[in-house]
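First up is the structure itself, then whatever we jot down about it.
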Amino acid sequence: MHDTDQAAGHEVRRTIDQETELVTSAMTLVATGGASSATVVGLRLGEAVIAIVAPQAATRGLRLEPLWGPDEAGCDIRVVRTLP
């Protein structure tokens, strides 16, 4: 049982790391003027990702908008510039 729990923990950590990287890339795209907004779709752990990257988004003049689906099993995250 312990091995199963450990494997599940590694899977969650890997998913958070991957999804955090996707949202961080979208933040860079918007912050550098490459796009006025960007949406990362199909995130399984969007709420955790927002908690991790929100401070960085705020300092870069960005807003993160969670877009929940009808089943709330996952979410998309829209990155929008708040400063001109």
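For this chain, numbers begin at 1 and follow the sequence in order. Atoms considered below: every heavy atom in the structure, side chains included; atoms not considered: hydrogens, waters and symmetry mates. This one's a predicted model, so the numbers in the text were calculated from it and none came from an experiment.
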Sequence neighbours excluded and cut-off under 3.5 Å, please list the side-chain donor-acceptor pairs for residues 47-58, or say none.
none

What side-chain donor-acceptor pairs closer than 3.5 Å can you find for residues 22-43, not counting sequence neighbours?
residue : atom : partner : partner atom : Å
T24     : OG1  : T20     : O            : 2.8
S25     : OG   : E21     : O            : 3.0
S25     : OG   : E21     : OE2          : 3.4
T28     : OG1  : T24     : O            : 3.1
T28     : OG1  : R60     : NH1          : 3.4
T32     : OG1  : T28     : O            : 2.8
T32     : OG1  : L29     : O            : 3.3

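Atom CD1 in I77 sits 8.5 Å away from atom CG in L67 (nearest 0.5 Å). To the nearest 0.5 Å, the span separating CG on L62 from CZ on R78 amounts to 14.0 Å.
Considering only residues two or more places apart in sequence or on other chains, R63 meets the side-chain hydrogen bond (donor to acceptor under 3.5 Å, both in side chains) condition with E65. For D76, the salt bridge (Lys or Arg N to Asp or Glu O under 4.0 Å) criterion is met by no residue, not counting sequence neighbours.
Summarising the geometry of G74 relative to W68, their closest heavy-atom pair is O-CE3, 3.4 Å, with the distance given to 0.1 Å.
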Carefully, step by step, assess R13 and I16 under the rule side-chain contact (heavy atoms from CB on, under 4.5 Å). CA-CA 5 Å; R13 182 75 244 165; I16 288 174; 3.6 Å; yes
